[in-house]
Number of protein chains: 2
Amino acid sequence: MIRVAIADDQQLIRDGFGLILRTQPDIHVAAEAADGRQFLDAVRRDPRIDVALVDIRMPVLDGLQATRELAAIPHAPAVIVVTTFDDDAYVLDAIASGARGFLLKRCSAADLVAAVRTVAAGEAVLSAEVTGAVLDRVRATGPATRVDLAVHQLTPRETDVLALIGAGLNNTEIAERLYLSMSTVKTHVTNVLAKTGSRDRVGAAILAIQAGLTP
Amino acid sequence: MIRVAIADDQQLIRDGFGLILRTQPDIHVAAEAADGRQFLDAVRRDPRIDVALVDIRMPVLDGLQATRELAAIPHAPAVIVVTTFDDDAYVLDAIASGARGFLLKRCSAADLVAAVRTVAAGEAVLSAEVTGAVLDRVRATGPATRVDLAVHQLTPRETDVLALIGAGLNNTEIAERLYLSMSTVKTHVTNVLAKTGSRDRVGAAILAIQAGLTP
DNA sequence: GACCGGCCAGTACCTGGGTACCAGATCGGG
DNA sequence: CCCGATCTGGTACCCAGGTACTGGCCGGTC
């Protein structure tokens with residue numbers, strides 16, 4: 001069962017999305033909100049919401065700002081920004097804000113349902129019309145580095161360890177900082193080296209710096 | 001014996017500087033030039049010149065450009081840019097071009113002689129009137145890091161080693177790359193760690209990256 | 001000439017880094 | 001409920017990294 005929240009200031013849109021989603025037996029519309037503040041309150045009240053459909057243009061608090069504030073809430077839902085074609089320039093901002101999907105309102109009902117399922121499964125989704133802009137940005141920022149590919153498959157704890165390696169700490173200091181035994185630290189370090197393809201902690205430290213894990 | 005070259009398009013200035021410097025028994029005026037191109041030719045002809053007094057405003061090739069091209073010449077002299085008060089805004093450019101001194105022409109004869117001796121001894125000298133601009137720049141670029149203080153006191157060879165550490169190479173690879181024995185590499189590494197205040201090569205690698213030794 | 005600093009090199013030694021392998025605890029999902 | 005992933009911890013082992021000390025060679029200065 002996928003629990004969905006809908007945040008849009010237009011009653012008609014909320015009703016339309018609700019009708020479409022309720023045709024699916026495994027999707028439940030758990031909350032609706034008419035502005036960003038209501039939306040955040042609803043998410044805080046119901047921590048079981050999996051996916052949120054969020055419009056950019058909303059009173060009180062716009063959709064992008066609301067998405068950013070969502071990061072501070074535990075068990076925050078994955079956000080699909082659903083907006084009009086006029087707002088397609090916001091796609092990069094939406095991604096930067098933490099959205100995991102970007103849909104245009106002129107998409108089909110099937111697209112909407114598919115997007116909800118995709119995002120609920122942990123994937124990401126983009127409307128075809130805006131993928132060009134995203135690819136342009138990716139091209140502008142250069143090809144994917146080994147950093148991008150490797151760092152994201154680390155577990156949270158391994159990421160912690162990698163960040164400390166990048167700060168120049170040795171295993172003893174990492175153990176003290178994270179309240180772990182030396183053995184555990186060594187295990188994490190070994191896993192980090194394997195996953196990042198680094199030969200030793202020096203390479204891992206360089207990787208950590210390039211990935212921006214160190215301030 | 002300090003050998004000095006004078007580059008200025010005004011005959012009067014060259015003569016005046018020459019008269020002042022020749023009063024000193026340990027200073028020899030070895031060359032004079034009326035433009036930047038002549039100056040570079042003179043330096044190439046006589047590799048024993050220690051100090052060059054260079055005006056900014058010169059025909060053919062200005063003093064700053066000439067100073068920059070000097071870097072490509074082996075045994076290049078240390079440059080003191082000597083210019084009018086109107087050109088004091090160039091002090092940062094002069095330093096960036098590699099000048100080791102910046103004097104205003106309205107300084108005293110004693111100042112000029114002292115500046116030549118100072119620069120010949122490997123120090124740097126600034127006219128009091130322009131130190132403010134330099135300090136402003138220093139403030140704007142932030143306080144000196146441990147990087148600045150430490151890296152510059154490394155020998156050329158030690159700098160090579162540090163750069164390779166920053167690239168993630170281990171001692172064996174550094175030895176191969178520099179055609180050295182493992183023992184020598186270890187010696188250099190130990191010296192680098194001591195001079196940079198790093199505990200191990202990880203810290204040195206971080207330092208190397210922050211210092212821009214790695215591309 | 002003596003002296004000094006940089007560079008290169010060697011030996012001997014110890015410690016921390018890294019690997020291999022194993023195992024219990026927890027937890028979310030099918 | 002079991003499965004897999006994650007986090008934690010342990011033991012045993014090897015080796016690269018780093019230290020300490022020594023010495024020769026060269027180029028410059030005093």
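In what follows, chains carry the letters A, B, and so on, assigned in the order in which the sequence lines appear, proteins first and then strands, with residues in each chain numbered from 1. Source: prediction; values computed, not measured.
Between C:dG18, D:dG10, D:dG17, one nucleotide has an atom nearer to the side chain of A:Thr187 than all others, and that is D:dG10. Among D:dG17, C:dG18, C:dG17, the nucleotide with an atom closest to any side-chain atom of A:Asn170 is C:dG17. The side chain of B:Arg201 lies closest to D:dG17 when the candidates are C:dG18, D:dG17, C:dC7. When distances run from any side-chain atom of B:Thr155 to the nucleotides D:dG18, C:dG17, C:dC7, the shortest one goes to C:dC7.
Here the P atom of nucleotide D:dT22 and the NZ atom of B:Lys186 are 19 Å apart, to the nearest Å. In this structure, B:Glu158 places its CD atom 8 Å from C1' of C:dG6, rounding to the nearest Å. If you measure from atom CG of A:Asp200 to atom P of C:dG18, you get 6 Å, rounded to the nearest angstrom. Counting to the nearest Å, the P atom of D:dG27 and the CZ atom of B:Arg157 are 16 Å from each other. Across the protein-nucleic acid pair, B:Leu169 atom CG and D:dG17 atom P stand 10 Å apart, rounded to whole Å. Counting to the nearest Å, the C1' atom of C:dG29 and the CG atom of A:Asp50 are 13 Å from each other. Rounded to an integer number of Å, the gap from B:Asp26 CG to D:dT29 P is 15 Å. When rounded to the nearest whole Å, the span between CG of A:Leu193 and C1' of C:dG16 equals 14 Å.
Between B:Arg177 and B:Asp160 there is no salt bridge, since none of the side-chain N atoms of the basic residue sits less than 4.0 Å from a carboxylate O of the acidic one. Contact check on B:Arg37 versus B:Asp35 returns no salt bridge, with no Lys/Arg side-chain nitrogen under 4.0 Å from an Asp/Glu carboxylate oxygen.
Environment of CZ in A:Arg199: crowded, with over 12 heavy atoms of neighbouring residues, nucleotides or ligands closer than 6.0 Å.
Listed pair B:Asn171 / D:dA16 fails the phosphate criterion, with no side-chain N or O lying under 4.0 Å from OP1 or OP2. Distances shorter than 4.0 Å separate none of the side-chain N or O atoms of B:Thr172 from OP1 or OP2 on D:dA16. Checking the phosphate oxygens (OP1, OP2) of D:dC7, no side-chain nitrogen or oxygen of A:His188 falls inside 4.0 Å.
Annotation for B:Ala167 and B:Thr214: closest pair N-CG2, 3.9 Å, computed over non-hydrogen atoms. In terms of heavy-atom proximity, B:Gln65 sits nearest to B:Leu61 at CG-CD1, 3.6 Å.
Within residues 174-184 of chain B, the residues having any heavy atom closer than 4.0 Å to DNA chain C are, in order of number, B:Leu180, B:Ser181, B:Ser183, B:Thr184.
Counted by atom type alone, B:Thr190 and B:Thr187 present zero donor-acceptor pairs between their side chains at under 3.5 Å. Using modelled atom types and a 3.5 Å distance limit, the side chains of A:Arg201 and A:Asn170 yield no donor-acceptor pair.
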